[in-house]
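The structure appears below as structure tokens.
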Amino acid sequence: MNRSLHFGEGLFETILWKENNPKIPLHYKRLSGSARFLSIPCPDYETFLAQITAAVGGGGCDEKKYVKYLLYSEGEK
């Protein structure tokens, strides 16, 4: 049994991706704070940013891209 799938425990953050978006650190702050409160593992900021950058295919883009970043609970109880 996975707690995220069974009980719906998890977090997500939807982010408008554009180069040098000043709100990305605010998204991370909200996500990491909620993860800490709910005891859900959260990567550090550098890993978070690297994963998003890799997902959108690099740093810059001309079109709007939205990223949904998900965190799941771990454990069986």
Side-chain angles (χ1 to χ4, degrees):
M1 179 180 77
N2 178 292
R3 290 194 62 83
S4 291
L5 296 176
H6 191 70
F7 298 115
E9 290 180 357
L11 297 167
F12 69 89
E13 191 74 21
T14 304
I15 302 164
L16 170 61
W17 178 261
K18 59 184 178 181
E19 195 170 1
N20 300 319
N21 183 346
K23 294 186 178 182
I24 290 177
L26 299 175
H27 283 287
Y28 178 77
K29 183 178 180 181
R30 179 172 46 206
L31 183 72
S32 63
S34 297
R36 197 170 26 261
F37 179 78
L38 295 172
S39 299
I40 296 174
C42 184
D44 60 33
Y45 180 75
E46 290 76 23
T47 302
F48 168 81
L49 191 56
Q51 290 171 338
I52 292 173
T53 302
V56 298
C61 64
D62 294 331
E63 61 186 58
K64 289 183 182 179
K65 293 183 180 182
Y66 291 92
V67 176
K68 185 165 292 224
Y69 196 92
L70 307 166
L71 296 178
Y72 297 106
S73 292
E74 291 183 338
E76 298 179 2
K77 297 184 179 190

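Note that these values count all heavy atoms, side chains included, but never hydrogens, waters or copies made by symmetry. Values in this document were obtained by computation on a predicted structure and should not be read as measured data.
- Minimum interatomic distance between L31 and F12 (heavy atoms only, all atoms of both residues): CD1-C, 4.3 Å.
- For the pair P43 and Y69, the tightest heavy-atom approach, listed with the atom from each and the gap, is CG-OH, 3.2 Å.
- To the nearest 0.5 angstrom, I15 atom CD1 is 10.5 Å from K68 atom NZ.
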Cut-off 3.5 Å, no hydrogens considered: what does the side-chain donor-acceptor table look like for residues 32-39, sequence neighbours left out?
from: S32; atom 1: OG; to: Y28; atom 2: O; distance (Å): 2.9
from: S32; atom 1: OG; to: K29; atom 2: O; distance (Å): 3.3
from: S34; atom 1: OG; to: R30; atom 2: O; distance (Å): 3.1

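- Follow the hydrophobic side-chain contacts under 4.5 Å out from L49 and you reach V56 in the same cluster.
- A pairwise comparison of heavy atoms in T14 and H27 identifies O-CE1, 3.4 Å as the closest pair.
- I52 and Y45 end up in the same hydrophobic cluster when Ile, Leu, Val, Met, Phe, Trp and Tyr side chains are linked at under 4.5 Å.
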